2 protein chains.
Amino acid sequence: MSKVNGVLLDITGVLKEGDSPIKNSVEAVERLREKGIKVRFVTNETQETKNSLVSRLSKMGFTLTEEEVISPCPAMAHELRRNGLRPHLLVHPTVLEEFDGVSTENPNCVVIGDCAEHFSYENMNKAFRVLINMSEPLLYSLGKGKYFREDGELVLDVGSYAACLEYATGAKSKIVGKPEPTFFQTALDMMQIKPEEAVMVGDDLVSDVGGAQGCGIKGILVRTGKFRPADERHPEVKPFFIADDLYHAVDHIISLL
Amino acid sequence: MSKVNGVLLDITGVLKEGDSPIKNSVEAVERLREKGIKVRFVTNETQETKNSLVSRLSKMGFTLTEEEVISPCPAMAHELRRNGLRPHLLVHPTVLEEFDGVSTENPNCVVIGDCAEHFSYENMNKAFRVLINMSEPLLYSLGKGKYFREDGELVLDVGSYAACLEYATGAKSKIVGKPEPTFFQTALDMMQIKPEEAVMVGDDLVSDVGGAQGCGIKGILVRTGKFRPADERHPEVKPFFIADDLYHAVDHIISLL
Ligand SMILES: [Mg+2]
Ligand SMILES: [Mg+2]
């Protein structure tokens with residue numbers, strides 16, 4: 001058993017739900033910091049900018065900086081610039097600014113993020129038509145989540161809408177975000193630690209726990225957020241540990257030190 | 001080569017596009033009737049009732065009766081009543097009347113049809129939540145079309161939105177409509193003919209041509225409607241014949257008599 005030197009935390013469903021911190025989660029993050037454990041926030045959030053997310057979390061009582069957050073839009077914008085790609089952006093209007101300076105003229109790919117109510121028939125058709133007119137449709141999906149919990153209700157996530165476009169066009173989406181290994185690797189690189197020294201805590205069994213464990217990072221599932229009892233009987237993904245919430249997950253992490 | 005005694009015609013993209021008949025298609029149907037060939041209209045249309053469809057086609061100059069049309073909603077309503085199922089209906093508001101008398105209280109399945117602009121995030125979430133709360137999610141899809149052409153543009157069809165719900169919930173949709181064999185069989189039964197005596201004409205390579213040919217019916221693809229040149233190079237579905245439009249398809253059928 002390696003020593004734990006870094007913890008990767010999912011945000012929605014682990015730290016907070018909607019605009020409320022999940023019980024004792026502010027204290028849980030503080031306890032990690034007090035123990036000298038490095039912390040990074042690894043989120044698939046694409047409904048708001050990193051900047052707005054950090055300021056909202058700060059207001060809830062969390063202590064964190066923008067540099068500690070790894071989120072899909074800035075990573076995607078970097079990838080687009082690096083490859084000279086011009087996307088049709090099917091993303092939430094609030095995150096458009098994270099794509100500043102990326103040309104969207106005469107698009108040669110589609111980027112789909114979590115658009116919530118902007119997943120209208122009209123917007124889906126616009127993205128669909130860009131793809132169906134390409135000989136090799138190129139679709140990037142900012143995460144592949146099926147659904148998440150918001151205001152006490154489950155709602156469809158970006159992965160489900162990406163599946164709609166995949167079925168319609170024959171495209172196979174490339175993922176930027178969890179569970180893609182490079183996304184977790186970015187967090188490890190920033191902390192300068194090895195996978196076996198890290199723990200990921202999340203409420204998404206496949207994207208958070210499965211994704212992390214695919215990289216050799218221990219995955220803890222919390223019974224908050226989108227957690228459903230059936231997750232404990234998943235045929236393939238078996239979490240390293242299951243905790244009632246982040247506070248208890250941190251208890252367990254500290255017991256490993 | 002068996003004699004052709006019955007012809008199954010797709011409607012959208014074969015007889016008409018939007019509110020306009022496709023060139024010479026009115027005459028083409030008349031020619032079949034003059035030759036004494038039985039005709040049935042086998043459609044996956046779920047944006048309007050059979051009644052409204054027939055009256056709209058009549059105004060365009062076609063001669064047909066409601067009894068000659070096989071469409072998904074009435075078939076679905078019959079299936080629901082027969083099995084005592086109570087659907088959550090994610091269908092276009094105009095076809096709700098085709099489900100009159102079907103109880104939708106405390107739903108134990110979801111029926112998805114082509115909702116067009118009613119495929120909102122809110123409506124998709126409502127259907128999703130019914131499914132995710134079932135231990136064995138039961139989803140019926142009225143056809144599995146990927147897209148179709150409307151007012152000169154390709155738009156997403158019900159199959160693509162069913163794929164979204166399938167990905168989100170793990171359900172595998174049951175199809176009522178083309179390419180399901182029972183749908184074609186209904187048309188054959190009505191005409192009292194065998195599959196080898198029938199020809200299906202459609203613009204959807206997979207649903208129309210592939211579906212028919214899976215039942216032993218010859219499938220003719222027309223280069224109208226949603227047809228795309230790539231359809232002629234499909235790895236699996238090889239039409240019996242490809243015609244520029246319905247008029248030329250009928251020419252070919254008559255040449256077989
Ligand atoms: Mg989460
Ligand atoms: Mg058609």
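To find a chain, count down the sequence lines: A is the first, B the second, and so on, and within it residues start at 1. Bear in mind that the values here come from a model prediction, so they are computed numbers and not experimental data.
Nearest heavy atom pair, residue L156(B) against residue N125(A), reads N-OD1, 2.7 Å. Y147(A) approaches I132(B) most closely through the heavy-atom pair CE2-CD1, 3.8 Å. When all heavy atoms of A168(B) and S160(A) are compared, the closest pair comes out as CB-OG, 3.2 Å.
The candidate from G145(B), G159(B), S120(B) with the greatest count of non-hydrogen atom pairs under 4.5 Å with chain A is G159(B).
Contacts of F128(A) with chain B are made by side-chain atoms alone, with heavy-atom separations under 4.5 Å and no backbone atom involved. At a 4.5 Å heavy-atom cutoff, A162(B) makes no contact with chain A through either its backbone or its side chain. Using a 4.5 Å cut-off between heavy atoms, A230(A) does not touch chain B at all.
The backbone N or O of E153(B) lies less than 3.5 Å from no partner atom in the side chain of R129(A), so there is not a single donor-acceptor pair. Without hydrogens or angle criteria, Y167(A) side chain to K144(B) main chain gives a donor-acceptor distance under 3.5 Å.
A distance of 6.5 Å separates CE in M124(A) from SG in C164(B), rounded to the nearest 0.5 Å.
Classified by interplanar angle (parallel below 30°, tilted 30° to 60°, perpendicular above 60°), the ring pair F119(B)/Y121(A) is tilted.
Contact check for E122(B) versus E117(A): no side-chain heavy atoms found under the 4.5 Å cut-off.
Under a cut-off of 6.0 angstrom, the local environment of NZ in K174(A) is sparse, with at most 12 non-hydrogen atoms contributed by other residues, nucleotides or ligands.
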